Amino acid sequence: MTEEVKEEQTNEKEEQDTATAEVTEETAVETTTEEEVRVEPEEEDVAVFTGDVDEEEKTYTYDQLQAASEDYTDEEFHELAGMYEDTLNEIEEKEIVTGRVVSVDEDYVVVDIGFKSEGMVQTNEFPDDLVENLQPGDEVDVFLDQVEDQEGQLILSRRKADILHAWETIERAAETGEIVEGKIQRRIKGGMVADIMGIDAFLPGSQIDVRPVRDFDAYVGKTMEFQVVKLNMSAENVVVSHRALIESDLEEQREEILETIEEGQVLEGIVKNITDFGVFIDLGGVDGLLHITDLSWGRVEHPEEIVSLDQQLNVAVIDFDEETKRVSLGLKQLQPHPWEEIDLKYPENIQVQGRVVSIADYGAFIELEKGVEGLIHISEMSWTQHIKHPSQLVSKDDIIDCVVLNVNEPEKKISLGVKQLEKDPWEDIDERYPVGSKHKGTVRNLTNFGVFVELEPGIDGLIHISDLSWTEKINHPNEVIDKDEEIEVVILAIDFENRRITLGHKQIEENPWEKFAEEYSGTNQVEGEVFKTTEKGVFVKLPHDLEGFIPASKTEAGGEPQENFEEGDTVEAFVIELDETNKNITLSQREKDVKEAKKSAKKTRGKQEQGPAPQTGTPTLGEMSGLADLKKEMADKEQAARNLQKKAEEVEEEEDNADEEE
């Protein structure tokens, strides 16, 4: 018995002892009062043995008491004793007995169990509906707690009888599988507490239903049927299950479904559980898996986008494994394939709208409708911008407009473009930027090989380092220009195929080398100003902002130049060598060098008369004699510059990719 039962037994015993004492006291008072006022009739004195032996009175021995009675024969005596014993029931303590109600009042119910005395049971131990209809003569089951207490009273309990009945019923149900009924009292950790005939039983959360329980509180107060799955009488521990009853009912239905299920069949089910990879559908005793890829023809991030718990829906059987009894289900198979007649829905060059569902390094995937996606390659995002990653222009879930470029129905691929929504700025680039025209631009980037200049948004050109100045020797563009600075340029060339423009800055001014060659070709004498002297020679400022160099061995005075020349001195010398490529002009004050230069020029002219010969090495004085040859050389240099620009842009692109990877 539980501690509650033991406590009730103690309380009942104390209340019955108190009641018995009150009854005894009242009886004693009444007896005393009657003895005080009653006049004793004159009757024969009845001998009463008090324990004191009076010598004058007669004393009876045991043998005399056992002797035959003069009033009854032995046969009559035994007959009377048997009749009395038959009126008494053979009862034992701690058992349930059936008694007859003698009387009922507000506090007690008097019950006769066939013993020599009657017992009293507190009224509150009976259910209210039973007490209201209880009448004398009705039979009730009570628990015989004690035959006699200290006052000689019979101790009975209805509550203990009910509890014992309940344990007997639960024990029988655990052995036979009998179904018991109970009421959910409250929720506790891991499950619920059910009241089964006054006994608290534990109902695990997993044993409430075959489907996962979402709201436990909704079951509180419900009356349900259970099966006893675990019983420990010594620990008074009872575990019940409602799910076992449902499973037994579904078993027949499950076998029927498994016998008739086949691929392509459409069944009705209820969403039982949702995971990241799919949905489990209850088909009525059989669980099937609806994989996330079979939920929709379109892209699905999580199954909760399509279904919800306890939702009822129709699904198609797409596979059934008879050995493992696994059922694979599909939802999208009940809908038409979105790629049917795709070329009619999305013809080429049509403008469409879609949602960005994924971004990769090479482009962005656009969902045009559920199950139909297209790719905007990074090269189709802008006519002019050099985009390193699609995220520079679009973000996930953006709604954008685009143009259908190509539809590949067998491979289910659609090529899309965004830049096609705008006019190609390169269509009339030669009209806006003809070769030889002058423009102003903004320096956007400086590299070792040149300067990138923005002519207009999206249109850039390259000034090679060799085209920055006619006269200065520049090691890096930052020596003469800064980023974001405005610069004037000349269009040197346009490469339509590769969308590249070659620019020049020095071409804004007239080429001083051409003028110098015209004026001082053929070993003409030139005048200049000394601005620097070294051990190797003298540096002289020449007309047209050019510089010349007189080697120490070619000075008129000879010896150390620092001793013979000072800064600011005016000197005269002859031009014996002109190298525009390396920006070198070699001078000499010796007549011997001039004669040798003239002989070399005559030989060069003789070769030119015989026919053109490939020009290699540094231009000689003889080569400078013809302006046509010089112009041809400059044209070749411009072509070389364009080739160098192309190579430079390729290097720049490789550097950008390397930076992006880092």
Side-chain angles (χ1 to χ4, degrees), residues 211-212 214 257 261-284 286-321 324 326-347 350-360 362-377 390-391 394-416 418:
R211 301 187 185 91
R214 255 61 88 175
I257 293 176
I261 197 170
E262 59 183 10
E263 187 174 338
Q265 189 176 9
V266 178
L267 301 175
E268 185 178 5
I270 298 176
V271 177
K272 180 178 181 180
N273 191 20
I274 299 177
T275 65
D276 293 337
F277 57 85
V279 181
F280 287 95
I281 306 295
D282 182 8
L283 302 175
V286 178
D287 289 347
L289 174 62
L290 175 58
H291 197 268
I292 188 173
T293 57
D294 292 312
L295 279 169
S296 172
W297 291 112
R299 187 185 297 261
V300 180
E301 298 291 339
H302 195 278
E304 290 181 346
E305 299 175 9
I306 307 296
V307 299
S308 58
L309 289 171
D310 299 325
Q311 180 181 347
Q312 188 171 346
L313 70 167
N314 293 329
V315 289
V317 179
I318 58 178
D319 185 51
F320 173 61
D321 190 335
T324 60
R326 291 183 178 177
V327 182
S328 297
L329 305 173
L331 184 61
K332 70 180 184 182
Q333 286 76 7
L334 300 178
Q335 304 168 0
H337 200 290
W339 276 81
E340 294 178 1
E341 300 181 348
I342 192 69
D343 54 342
L344 299 179
K345 292 189 290 183
Y346 300 102
I350 189 175
Q351 182 174 337
V352 294
Q353 191 177 71
R355 180 175 65 93
V356 179
V357 293
S358 180
I359 298 177
Y362 50 85
F365 289 93
I366 310 299
E367 183 183 59
L368 302 179
E369 63 178 77
K370 287 296 184 181
V372 179
E373 294 182 5
L375 172 65
I376 303 177
H377 194 268
S391 59
V394 298
S395 301
K396 191 175 180 182
D397 295 327
D398 283 353
I399 304 298
I400 63 172
D401 293 325
C402 48
V403 175
V404 177
L405 304 180
N406 177 262
V407 177
N408 187 340
E409 186 174 354
E411 297 183 8
K412 292 182 173 54
K413 294 180 179 179
I414 299 179
S415 298
L416 304 173
V418 174

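Along the sequence shown, residues are numbered consecutively beginning with 1. Just so you know, these numbers come straight off a predicted model, no measurement behind them.
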Rounded to the nearest 0.5 Å, what separates atom [atom1] in [X] from atom [atom2] in [Y]?
X: L309; Y: N273; atom1: CG; atom2: CG; value: 7.0 Å
X: N408; Y: S415; atom1: CG; atom2: OG; value: 8.0 Å
X: L290; Y: T275; atom1: CG; atom2: OG1; value: 10.0 Å
X: R355; Y: S358; atom1: CZ; atom2: OG; value: 10.5 Å
X: K332; Y: I306; atom1: NZ; atom2: CD1; value: 11.5 Å
X: I359; Y: S395; atom1: CD1; atom2: OG; value: 6.0 Å

Nearest atoms (heavy-atom pairs only) where [X] meets [Y]:
X: I318; Y: G330; value: CG2-N, 4.1 Å
X: A316; Y: L334; value: CB-CD2, 3.8 Å
X: Y346; Y: V404; value: O-CG1, 3.9 Å
X: L416; Y: C402; value: CD1-SG, 3.8 Å
X: I274; Y: P303; value: CG2-CB, 3.9 Å

Original post:
Which residues satisfy the side-chain contact (heavy atoms from CB on, under 4.5 Å) test with L375, sequence neighbours excluded?
Top reply: Y362, F365
**OP:** Check whether any side-chain N or O of K370 sits under 3.5 Å from a backbone N or O of P338 as a donor-acceptor pair, and report yes or no.
**Re:** no
**OP:** Before giving the answer on side chain to side chain contact (heavy atoms under 4.5 Å, CB included), spell out for V279 and L329 the whole-Å C-alpha distance, their side-chain angles and the decisive distance to 0.1 Å.
**Re:** CA-CA 9 Å; V279 181; L329 305 173; over 6 Å; no
Original post:
With side chains defined as the heavy atoms from C-beta onward, is the minimum distance between I261 and L267 less than 4.5 Å?
Top reply: yes
Subject >> Within-4.5 Å side-chain heavy-atom neighbours: I366 and V357 >> reply: no
**OP:** Verify side chain to side chain contact (heavy atoms under 4.5 Å, CB included) between I281 and V271, making sure each step is shown before the conclusion.
**Re:** CA-CA 5 Å; I281 306 295; V271 177; 3.9 Å; yes
Could you work out, with side chain to side chain donor-acceptor pair (under 3.5 Å) as the rule, every residue matching [X], not counting sequence neighbours?
X: E340; result: none
X: D401; result: Q353
X: S391; result: H389
X: D310; result: R214

**OP:** Give every residue pair that meets the side chain to side chain donor-acceptor pair (under 3.5 Å) criterion with at least one member in residues 286-304, sequence neighbours excluded.
**Re:** K272-D287, D276-H302, H291-T293, D294-Q333, R299-E373
Original post:
After noting the C-alpha distance and the side-chain angles of I376 and V394, does the key distance pass the side chain to side chain contact (heavy atoms under 4.5 Å, CB included) rule?
Top reply: CA-CA 11 Å; I376 303 177; V394 298; over 6 Å; no
**OP:** For Q265, look at atom CD and say whether over 12 heavy atoms of other residues, nucleotides or ligands are found less than 6.0 Å away.
**Re:** yes
